[in-house]
There are 4 protein chains.
Amino acid sequence: MNTFGHLLRVTTFGESHGPAIGCVLDGCPPGIAIAPEDFAHDLARRATGKTRHTSARHEADEVEILSGVYEGVTTGTPIALLIRNTDQRSKDYAKIAAQFRPGHADYSYWQKYGTRDPRGGGRSSARETTLRVAAAVIAKKWLVQRGVTVRGCMTQIGDVVPRLHDWSAVEGNPFFWPCAEQVAELESYMDALRKSGDSVGAKVMAVADGVPPGWGEPIYGKLDGELAAAMMSINAVKGVEIGDGFASVAQLGSVHRDVMTPDGFLSNHAGGILGGISTGQQISVSVAFKPTSSLRLPVQGLDVDGHVVDVVTTGRHDPCVGIRATPICEAMLALVLMDQALRHRAQCGDVGEMSPRIAGNINITGAKR
Amino acid sequence: MNTFGHLLRVTTFGESHGPAIGCVLDGCPPGIAIAPEDFAHDLARRATGKTRHTSARHEADEVEILSGVYEGVTTGTPIALLIRNTDQRSKDYAKIAAQFRPGHADYSYWQKYGTRDPRGGGRSSARETTLRVAAAVIAKKWLVQRGVTVRGCMTQIGDVVPRLHDWSAVEGNPFFWPCAEQVAELESYMDALRKSGDSVGAKVMAVADGVPPGWGEPIYGKLDGELAAAMMSINAVKGVEIGDGFASVAQLGSVHRDVMTPDGFLSNHAGGILGGISTGQQISVSVAFKPTSSLRLPVQGLDVDGHVVDVVTTGRHDPCVGIRATPICEAMLALVLMDQALRHRAQCGDVGEMSPRIAGNINITGAKR
Amino acid sequence: MNTFGHLLRVTTFGESHGPAIGCVLDGCPPGIAIAPEDFAHDLARRATGKTRHTSARHEADEVEILSGVYEGVTTGTPIALLIRNTDQRSKDYAKIAAQFRPGHADYSYWQKYGTRDPRGGGRSSARETTLRVAAAVIAKKWLVQRGVTVRGCMTQIGDVVPRLHDWSAVEGNPFFWPCAEQVAELESYMDALRKSGDSVGAKVMAVADGVPPGWGEPIYGKLDGELAAAMMSINAVKGVEIGDGFASVAQLGSVHRDVMTPDGFLSNHAGGILGGISTGQQISVSVAFKPTSSLRLPVQGLDVDGHVVDVVTTGRHDPCVGIRATPICEAMLALVLMDQALRHRAQCGDVGEMSPRIAGNINITGAKR
Amino acid sequence: MNTFGHLLRVTTFGESHGPAIGCVLDGCPPGIAIAPEDFAHDLARRATGKTRHTSARHEADEVEILSGVYEGVTTGTPIALLIRNTDQRSKDYAKIAAQFRPGHADYSYWQKYGTRDPRGGGRSSARETTLRVAAAVIAKKWLVQRGVTVRGCMTQIGDVVPRLHDWSAVEGNPFFWPCAEQVAELESYMDALRKSGDSVGAKVMAVADGVPPGWGEPIYGKLDGELAAAMMSINAVKGVEIGDGFASVAQLGSVHRDVMTPDGFLSNHAGGILGGISTGQQISVSVAFKPTSSLRLPVQGLDVDGHVVDVVTTGRHDPCVGIRATPICEAMLALVLMDQALRHRAQCGDVGEMSPRIAGNINITGAKR
């Protein structure tokens with residue numbers, strides 16, 4: 001189960017400190033222009049070592065295209081992407097091999113498989129998400145050609161929330177934070193946290209604009225269901241919301257329901273999805289990231305023989321994994337959308353020809369999304 | 001995409017007011033004793049018409065076993081379950097056919113398919129969940145034989161939260177509410193809400209005890225990822241949390257990480273899942289339900305020609321769909337767990353023979369789960 | 001694994017002598033007109049009891065549409081079809097329950113599941129294929145709208161082969177035999193065989209005309225690969241050929257390769273498929289059916305305790321299962337083609353817009369197919 | 001659709017003359033010892049350039065293990081294998097880029113995707129099968145630990161058939177031919193064929209011994225159905241048979257049915273599979289390979305503009321692709337068997353505990369398989 005997607009299928013492989021990580025993107029339509037340098041921007045956005053607030057792994061993350069692209073254009077055959085691991089520092093993890101870090105997948109992998117690759121978290125390392133970001137570069141290109149754009153930002157870190165939501169601020173700071181005036185405050189907060197050896201959680205939002213109505217499949221292939229699975233598959237995620245999410249619990253129906261007018265919807269509590277199918281409004285998903293479990297703060301743990309030991313993690317680790325998560329959430333949103341778009345085209349590709357759509361369709365979906 | 005599960009596969013079919021609803025449960029091991037009357041208890045728990053707080057559909061929901069069971073025992077072949085729709089009242093929905101109810105899947109189905117079955121919500125009706133509950137009766141039986149039990153309760157309705165969490169209270173009231181002394185208050189609350197013609201959201205928790213460590217598959221078949229998709233596939237769900245969920249965002253890592261001792265874990269912030277794999281602790285998932293969109297309160301909407309109309313829903317509808325959701329969330333938890341258990345047995349069925357497990361395994365997982 | 005297809009998915013359920021058999025056809029596009037009476041023609045073609053040459057089960061095989069069709073048109077939601085078993089004669093099979101018939105799935109089911117439904121072969125009965133034929137009625141309708149027609153005939157029975165291949169003769173005799181002048185001979189042959197209590201094998205061909213070039217997916221979703229799996233899933237099938245099939249073994253490459261001219265291909269040794277993708281020529285698949293294993297001729301066998309017993313099958317059984325196989329092979333061909341067509345539209349739906357096709361495309365594929 | 005298998009999943013990628021080919025083997029149990037040198041034997045068996053009878057590509061086919069193996073043992077995470085393409089000779093294929101070779105996938109890829117990688121056949125090259133053989137090395141190891149062995153041989157080339165079937169002769173000649181005294185004759189035959197510039201077809205058999213009864217899944221996951229798909233996915237395959245295959249057509253049921261005795265089956269016409277499930281006898285599958293379509297003999301063809309051209313293939317090509325096919329057929333058999341074995345363990349892993357198996361089971365399956 002290292003594959004996701006139904007028509008657009010991403011298979012990833014590789015351990016944090018093995019020879020390489022890679023992915024195979026299968027089912028991609030032919031005719032998309034792709035060059036190795038296309039991956040640089042988004043990989044840099046998620047890269048470790050970008051700022052002092054994230055862990056100190058220094059790698060180029062250079063993507064080699066092994067297949068599926070001929071003369072710069074996708075051919076319809078599987079696209080394999082490879083990134084060599086060059087900065088592995090296996091020694092950092094030598095001691096941890098015989099111990100279980102509380103809150104880490106060390107223990108559950110060991111129980112499942114009877115063995116594990118302890119180097120840098122092995123398969124459970126967030127390094128795997130690099131390939132999702134790479135694969136999504138292709139998906140984003142395809143979506144943009146159809147007028148669909150995907151972006152994201154951080155919406156909470158610890159108990160700090162943005163005072164403003166200004167999309168233009170997001171790419172100007174290392175936190176993907178949508179309020180420029182709070183960035184200095186966050187810098188201080190993270191510095192203090194890193195010094196303390198502790199970590200903290202975060203909340204990230206990803207949105208897609210321009211998604212036409214009709215993407216998504218009832219009942220078990222719902223767009224929101226697949227987004228939930230996709231987001232929950234990211235390391236450290238403990239919660240997913242669509243639209244108003246858990247705030248809906250305390251809402252009245254008369255408030256929650258989004259009124260439609262000939263000029264568009266008057267609100268978007270639904271997050272752009274009804275019955276598992278896109279409505280034409282902005283798709284909105286929020287994701288909760290737990291605080292990193294690998295801390296410099298010692299903690300009581302167990303070793304593989306069941307003895308009590310003191311566990312201290314000395315390698316590089318982010319004080320907040322959520323900081324680098326924005327491009328990853330965007331990636332999963334883009335990949336799910338493209339897969340659903342292909343499936344919609346397959347089943348309903350000639351709906352427009354056969355059945356009249358609602359009059360004024362363009363206005364309705366265009367106004368408020 | 002009306003199928004979910006990888007080895008244990010549930011396919012459902014049927015519309016709210018069509019001739020019947022049904023499901024096919026494929027991949028079930030042979031040798032499980034099943035009788036038609038086994039379904040009655042859980043179906044009654046989710047049934048409509050149970051109390052004045054839920055909508056007034058009066059059906060027996062009698063399950064007919066069409067296949068896969070011989071002389072009262074599963075044979076390993078697909079188990080088809082059928083429930084006839086007997087109380088259909090199609091006339092209630094005649095007017096709604098040409099209108100879109102704000103907040104309802106009417107609109108998105110119409111946009112996707114160019115057509116829809118308007119009777120009672122058609123395929124998008126929560127009636128479909130009846131079959132999930134039925135299929136899960138079989139899964140729960142299989143799990144109980146392995147020491148795994150699944151249960152659930154409501155943990156919020158509107159802005160009311162339980163004052164106590166007493167599992168013994170849950171089955172004694174129509175809300176699956178874990179605090180007996182609040183039930184009268186909830187009754188009044190719901191009565192007032194029903195009179196007002198409005199609706200409200202709810203939060204439901206489902207837990208599984210006795211799950212051994214090792215169930216779940218990295219990376220895209222994670223136990224929590226599949227739980228998120230399963231829960232999000234239920235009607236009206238807008239959010240899913242594992243363990244502490246969104247509360248993790250404001251937690252420090254030193255607080256969140258669950259310390260292991262030879263006598264077990266000292267806490268369960270993780271909700272029993274690390275790296276997508278069960279740890280042996282209680283699996284815990286929480287689900288946000290939005291308020292029903294079909295209200296007696298009039299609202300401005302559109303008809304299929306794009307004209308503004310007043311929309312009033314006159315049929316029977318629950319003022320809080322979350323009230324009946326507890327058995328449904330339990331069902332999805334049970335089905336996901338059984339599917340994962342079978343997959344774990346397939347891949348790692350001989351791990352115990354090959355590799356030493358951690359000493360004191362039983363104590364660790366037994367103490368605090 | 002009672003489901004096949006990737007986008008157009010057929011799930012069947014039911015045992016020969018259980019309450020009912022049925023199927024769920026998922027992924028079907030909306031807008032296809034379907035009425036219960038549409039199924040009669042093809043079900044009659046495969047029906048038992050049609051002539052003295054097939055077994056004596058007398059049932060109407062009435063199809064009830066349980067879901068997915070509203071006001072006579074498919075809605076895009078799963079289509080469930082149900083056929084009640086009315087002529088079950090369970091007593092015929094009482095003795096066989098404790099015995100294994102040589103050459104029958106009795107034994108392998110027992111070994112796999114530790115149990116089995118012995119009534120009429122249970123799940124392993126060819127009765128299951130009724131639903132494939134029913135589901136394919138819908139697929140054939142969709143294909144015909146796109147200019148694709150599917151038909152079949154018998155091409156060998158025992159060691160008798162057609163002297164002529166005249167498609168117009170096929171539907172005029174109970175054997176689907178393409179040579180009218182041999183029908184009387186076949187009638188005598190089958191009468192003698194039935195009297196002797198023995199059975200014989202058969203070979204059936206199914207072809208599709210009008211398939212455009214481009215359907216099929218390398219490498220593991222090849223059109224021929226999926227046809228092979230589909231045909232081999234039919235009861236009693238022991239071999240599958242595409243185009244010249246095993247005759248290709250003794251051919252020279254200079255003979256086998258089908259020369260292309262501006263007016264079309266000059267031959268069709270390939271059976272319309274190259275590299276797993278349709279070429280625009282006629283798709284041609286041949287299928288080998290073994291002789292029925294349930295015979296009135298006694299044979300030494302074993303009972304469930306491992307003791308030697310005489311096995312005599314006294315129920316109704318066809319002396320040649322291949323006689324009824326033509327509509328089943330057609331059905332599998334139609335279902336595979338429609339699934340592939342939907343997948344092709346998903347991935348390559350805009351190839352025509354982006355890339356110039358070969359000049360004279362229509363002539364090439366039109367001339368010789 | 002570049003993935004096959006349900007629990008044991010093989011995804012391949014790469015073009016004949018791209019930078020590399022590779023595969024990801026997912027779902028493999030942990031604890032299997034694997035070293036890079038384990039792949040050498042089977043890769044050499046299928047390698048090009050082995051004898052003068054196969055094409056002249058000279059590559060080491062060195063397998064790099066990129067993931068899923070730690071300290072020489074599989075960890076349960078996806079195993080990625082990579083082979084760099086070092087001997088690409090793109091110039092050989094320059095002219096062919098604008099032409100369609102009759103009988104080659106050139107044309108169908110072009111029609112499907114509107115583009116293709118013309119270098120060495122691109123994705124449609126038999127080079128892709130290298131990875132299947134590599135992946136199957138791991139499957140064979142796992143199977144052997146369970147007493148299951150897989151082997152193969154050629155059983156026809158052109159119209160030459162073996163005079164004897166002597167397994168001990170198979171590995172002693174470049175044709176995998178089971179009759180040593182015919183090898184010289186075959187050498188002359190192939191030399192003459194190569195000189196003529198023509199090619200010929202072949203038939204290959206693969207068998208598995210030691211398969212216990214019970215592997216395989218009705219109805220659409222039948223062991224024979226999946227074998228048929230697996231074999232048909234190999235380049236140039238036009239037919240698949242299980243057991244007696246097409247010879248069954250002319251057999252009487254009284255001859256075909258394999259009689260069971262307390263000492264085992266008396267024959268194996270069924271090829272070890274009944275109802276899609278293994279019987280405990282030898283699994284036997286035969287495969288028809290068409291003659292290579294790339295010939296030095298000129299032929300009339302079309303170019304991409306639809307003009308008539310003379311097509312001559314000047315690169316290296318095998319006069320009989322079937323010669324190298326034996327290890328590939330073995331590989332597909334091994335991969336399908338292991339996938340089915342895992343699925344059987346998942347669903348029926350405790351059948352033995354619950355239900356009595358037939359007495360004398362070991363003798364029955366042991367005697368004649």
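So that the names make sense, note that chain A is the first sequence line, chain B the second, and so on, each numbered from 1.
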How close do [X] and [Y] get, counting heavy atoms only, and between which atoms?
X	Y	result
A:P102	B:V259	CB-CA, 4.2 Å
A:P262	B:G306	CG-O, 4.1 Å
A:V249	B:A288	CG2-CB, 3.7 Å
B:S248	A:P291	O-CD, 3.3 Å

To the nearest 0.5 Å, how far apart are [atom1] in [X] and [atom2] in [Y]?
X	Y	atom1	atom2	result
A:M260	B:D303	CE	CG	10.0 Å
B:Q300	A:T261	CD	OG1	6.5 Å
B:S108	A:Q281	OG	CD	11.5 Å
A:S233	B:E217	OG	CD	13.5 Å
B:N235	A:I219	CG	CD1	6.5 Å
A:L295	B:H256	CG	NE2	11.0 Å

Checklist entry - So which part of A:S254 gets closer than 4.5 Å to some heavy atom of chain B, the side chain, the backbone, both or neither? => result both

Next on the checklist: For A:K203, which atoms come within 4.5 Å of any heavy atom of chain B: side chain, backbone, both, or neither?
Outcome noted: both

Item to check | Short side-chain to backbone donor-acceptor contact, B:K238 and A:G245, under 3.5 Å | outcome: no

Next on the checklist: Has A:K222 got a side-chain atom pairing as donor or acceptor with B:M232's backbone, closer than 3.5 angstrom?
Outcome noted: no

May I ask you to name which of [options] has the most heavy-atom pairs under 4.5 Å with chain B?
options	value
A:G216, A:A247, A:G243	A:G216
A:L227, A:L297, A:V255	A:L297
A:V200, A:I234, A:D198	A:D198
A:D159, A:V240, A:V287	A:V240
A:G275, A:S286, A:G239	A:G239
A:S293, A:S199, A:G221	A:S199

Next on the checklist: Applying side chain to side chain contact (heavy atoms under 4.5 Å, CB included) to A:K290 and B:Q251, what does each step give before you reach the verdict?
Outcome noted: CA-CA 7 Å; A:K290 71 174 186 180; B:Q251 288 172 351; over 6 Å; no

Taking side chain as everything from C-beta outward and backbone as N, CA, C, O, which of these in [X] sits under 4.5 Å from a heavy atom of chain A? Side chain, backbone, both or neither.
X	result
B:F4	both
B:V311	neither
B:L193	side chain
B:D258	backbone
B:H104	backbone
B:S196	neither
B:T292	backbone
B:A270	both

Next on the checklist: Using side chain to side chain contact (heavy atoms under 4.5 Å, CB included), reason through A:H6 and B:M1 one step at a time and then give a plain yes or no.
Outcome noted: CA-CA 10 Å; A:H6 192 70; B:M1 294 305 263; 4.0 Å; yes

[X] vs [Y] side-chain heavy atoms within contact, under 4.5 Å:
X	Y	result
B:W110	A:P213	no
B:Q156	A:F246	no
B:Y113	A:C348	yes

Any idea which of [options] has the most non-hydrogen atom pairs under 4.5 angstrom with chain A?
options	value
B:H307, B:E226, B:E128	B:E128
B:S124, B:G5, B:G158, B:G301	B:G158
B:V299, B:V308, B:I157, B:I273	B:V299
B:P218, B:A229, B:G225	B:P218

Checklist entry - Taking atom types as modelled and ignoring hydrogens, do the side chains of B:R132 and A:Y220 form a donor-acceptor contact shorter than 3.5 angstrom? => result yes

